[in-house]
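In what follows, chains are A, B, ... by sequence order, proteins preceding strands, each numbered from 1. Just the heavy atoms: all of them, side chains too, but no hydrogens, waters or symmetry mates, feed the values below.
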There are 2 protein chains.
Amino acid sequence: MTDSRHTRIRSTARDVAQALGVSQSTVSRAFTEDASVSPQTRAAILRMAGSMGYKPNALARGLITNRSKIVGLVSGSVGNPFYADALQRFSQHLQQRGYQTLLFTAPAGHDVDALLPVVLQYQVDAVIVLSAPLSVATAEACERANTPVILFNRSLSGAKAHTVACDNMASAALVADWFAALDCRRLAFVAGRDDTSTNRERLQGFSSRLRERGMPLWRVVAGGDFTYEAGYRAMQTLLTTPDDAPDAIFFANDIMALGGIDALKLDQETASPRRPHTPSIVGFDGIAMGGWASYQLSTIVQPLEEMVAAAVRIVTDPPPEGQLVEAKLPGTMMVRVSASAPPASPEQSTRAAVLL
Amino acid sequence: MTDSRHTRIRSTARDVAQALGVSQSTVSRAFTEDASVSPQTRAAILRMAGSMGYKPNALARGLITNRSKIVGLVSGSVGNPFYADALQRFSQHLQQRGYQTLLFTAPAGHDVDALLPVVLQYQVDAVIVLSAPLSVATAEACERANTPVILFNRSLSGAKAHTVACDNMASAALVADWFAALDCRRLAFVAGRDDTSTNRERLQGFSSRLRERGMPLWRVVAGGDFTYEAGYRAMQTLLTTPDDAPDAIFFANDIMALGGIDALKLDQETASPRRPHTPSIVGFDGIAMGGWASYQLSTIVQPLEEMVAAAVRIVTDPPPEGQLVEAKLPGTMMVRVSASAPPASPEQSTRAAVLL
DNA sequence: GTGAAAGCGCTAACAC
DNA sequence: GTGTTAGCGCTTTCAC
């Protein structure tokens, strides 16, 4: 009926109003939580709306209220299950609080800055940036557009953006403590992308705690990125000098650690002579796969649920104008077979790493 | 300046127009591909817009054009990496064609039908349903709202919805063929959720091809759902009668197969006496983890990129009114170590399955 | 090629 | 409690 140029015949508030002989604004009120409408009128309107398939147009509402109830979620790659998980939780939390998630992903090799103009065109109430760096210029553009930016698991010094992250430094220190408890001596760190704050902070937290304890950081291997393959290759690098392998390795994230474990397994079976012991391995993130039987990965578990909740809270209950939230939540050490006991004989630790 | 009730001071077309002494409609034209504006005016407007940080409000545009350029992507769980991958590709493809992705995920245990009213409120140009069943009633509600529905990897007989899926029947038949080539005799199928079309079709394709070949389907195990844990337990079930284990197992998806492989590994090491041979294992999906060193999973690879492209094409170039697309794309068999050779002695096949 | 005017569907004063 | 009115930011006739 009220069709315009394109075919989209959804009924409008006016249709409902006409059908009931009330005014269009009364219909609007019936759909607004605490507007003054008599219970009867509201009931009648809701009933009629139901039968006509009417629901308020969220876009039109956003236009006038100046709040779209849409949050832009900008993400790098979701190849890492940790971010797939985060994505899902964000969507859930926002949904539950009446917000919707407009998803943007950066094409491989591009960074997310290019996406932001488009995000802003959709009048999002906030932008959440996941696992990706953001330039200061872009952050400022958002500020000019009056759109709060929340960096999730990344920090950006000097920029006008909220940040929510795991306390990487403190958590990484726990790994150093654990390796000390296991009496490991030759310690290695496998880095991810070294232009990320996560990578830098994890390395720094690990190495400073070691320094405090008077333990040397024996070796740092550049992984290149945060992938399984990078972890696999890094482990191969660590094993090239057979007599001189590390006895404990901290990987910058879980996926890399899984690659490392696989490379190690292969080495265990083919190397001759057998190595004197199996190195302990610890990751970072707490992805589900780390708990799988083939891996039994010890790791730092990020408090993902709390982190997501904290980020969403910034959207739903914004802090006073000009005030920036900087939340750092504590990670917890989860000990599994991959780093559960002092270095032992090959048989024993092979059994542990490979079988359980 | 033109602020209203809430604080959102983004500049509007009118601001740009005033600054330049042109009319607001001219500004609008400058941002419309083939509208009649003189090159000079357009250039001036674009320059001024750039410096003022103006971009057309996509919501207001959608309100009047009746096309929001937003697609609702409704998903069950993204715990399965196959769907995380699909999600990312959808977002990319849509973005590239000027559409945005509004993401909705169903809370665990709930189905997606409850989400659709909200999706429709956002005036999406189409709804894509990922890995989740949709009731006929809901599909009809979308039809009434004139919003096309695309079911991805699920079918819904009798409903007014487009479907894009892998040809599960034909692909599952390939698995039967391969098991036949390997001369396997005792064949098992591990099912996922049996209220899903994917599960039913994979089982049916597998079993009918076996029947055609005169081979019995030795056993069907109910997994319960499509998770790692379900696959793990199913394998344990299959191994309870030691002398009577299957020599080939087809899992309804990859994640389950990985669970199965892990359960099998544990059994290989602990069972005494050792089993006569290691069963061949095949999964379905083609997730990256299947290629990891610990698993080397043989599987049916779904043509995900093509499937996503096909689904997106329905959105961007809609078929003639009333015509429903039903795309079934072929899967391909990917042979890896988990099902690479006829059943062999324990040593040999253990090496193969565990180490490579 | 450009401006004036109408109106997309809705909310929010403002009257009564 | 309800109707009337204005107007969110934009696209699109319709004049000129």
Backbone N/O of A:Leu103 and side chain of A:Thr101: donor-acceptor pair under 3.5 Å: no

Quick one: side chains of residues 105-113 of chain A, donor-acceptor pairs under 3.5 Å with protein atoms, not counting sequence neighbours, listed by atom name and distance.
unit_1: A:Thr105; atom_1: OG1; unit_2: B:Ser91; atom_2: OG; d: 2.7
unit_1: A:Thr105; atom_1: OG1; unit_2: B:Gln92; atom_2: NE2; d: 2.9
unit_1: A:Asp113; atom_1: OD1; unit_2: A:Ser135; atom_2: N; d: 2.9
unit_1: A:Asp113; atom_1: OD1; unit_2: A:Ser135; atom_2: OG; d: 2.8
unit_1: A:Asp113; atom_1: OD1; unit_2: A:Thr138; atom_2: OG1; d: 2.3

Do we see a donor-acceptor contact under 3.5 Å between the side chains of B:Thr147 and A:Arg10? yes

Choosing from C:dC10, C:dT11, D:dG9, which nucleotide comes nearest the side chain of A:Thr65? C:dT11

Can you check the B:Gln18 CD to D:dG9 C1' distance for me, whole Å? 13 Å

Report the distance from atom CD1 of B:Ile45 to atom C1' of C:dG3, rounded to the nearest whole Å. 12 Å

Tell me the interatomic distance from B:Asn66, atom CG, to D:dG9, atom C1', rounded to whole angstroms. 16 Å

Starting at CZ of B:Arg10 and ending at P of D:dG9, how long is that distance when rounded to a whole Å? 10 Å

Calculate the interatomic distance between B:Leu20 atom CG and C:dG3 atom P; express it in whole Å. 10 Å

Would you mind reading off the distance between B:Ile64 atom CD1 and D:dT13 atom C1', rounded to a whole angstrom? 10 Å

Which atom pairs link the protein and nucleotides 3-5 of chain D when you take only N or O atoms and keep those under 3.5 Å?
unit_1: D:dG3; atom_1: OP2; unit_2: A:Ser23; atom_2: N; d: 2.9
unit_1: D:dG3; atom_1: OP2; unit_2: A:Ser23; atom_2: OG; d: 3.1
unit_1: D:dG3; atom_1: OP2; unit_2: A:Thr26; atom_2: OG1; d: 2.4
unit_1: D:dG3; atom_1: N7; unit_2: A:Arg29; atom_2: NH2; d: 2.5
unit_1: D:dG3; atom_1: O6; unit_2: A:Arg29; atom_2: NH1; d: 3.3
unit_1: D:dG3; atom_1: O6; unit_2: A:Arg29; atom_2: NH2; d: 3.4
unit_1: D:dT4; atom_1: O4; unit_2: A:Ser25; atom_2: OG; d: 3.1

Backbone N/O of A:Val312 and side chain of A:His93: donor-acceptor pair under 3.5 Å: no

Counting only N and O atoms by type, is there a donor-acceptor contact under 3.5 Å from the side chain of B:Asp125 to the main-chain atoms of B:Arg67? no

Any donor-acceptor pair under 3.5 Å linking the side chain of A:Ser28 with the backbone of A:Gln24? no

Identify, residue by residue, the members of residues 31-43 of chain A with a heavy atom below 4.0 Å from DNA chain D, and return them in order of residue number, or none. A:Ser36, A:Val37, A:Ser38, A:Thr41

Can you list everything that forms a salt bridge (Lys or Arg N to Asp or Glu O under 4.0 Å) with A:Asp34? Sequence neighbours excluded, please. none

Can B:Asn153 and B:Gln302 be counted as having a side-chain donor-acceptor contact under 3.5 angstrom? yes

Rounded off to whole Å, could you give me the CG-to-P distance for the A:Leu63 and C:dC8 pair? 13 Å

Search all heavy atoms of A:Ser36 against all heavy atoms of A:Arg29 and return the closest pair with its distance. O-CD, 3.8 Å

Distance-only donor-acceptor hits, side chain of residues 80-90 of chain B, under 3.5 Å, sequence neighbours excluded:
unit_1: B:Asn80; atom_1: OD1; unit_2: B:Phe82; atom_2: N; d: 2.9
unit_1: B:Asp85; atom_1: OD1; unit_2: B:Arg89; atom_2: NE; d: 3.1
unit_1: B:Asp85; atom_1: OD2; unit_2: B:Arg89; atom_2: NH2; d: 3.4
unit_1: B:Gln88; atom_1: OE1; unit_2: A:Val78; atom_2: N; d: 2.9
unit_1: B:Arg89; atom_1: NH1; unit_2: B:Glu305; atom_2: OE1; d: 2.5

Looking only at the side chain of B:Ser28 (C-beta and beyond, no hydrogens), which of the listed nucleotides C:dT11, C:dG9, D:dT11 gets closest? D:dT11

Rounded to whole Å, how long is the line connecting atom OH of A:Tyr122 with atom C1' of D:dC10? 14 Å

Under a 3.5 Å cutoff on both atom distances, Watson-Crick or G-U, what's the dot-bracket for DNA chain C ([ ] crossing, | other strand)? ||||||||||||||||

Rounded to the nearest 0.5 Å, what's the gap from CD on B:Gln100 to CZ on A:Phe104? Could you check? 4.0 Å

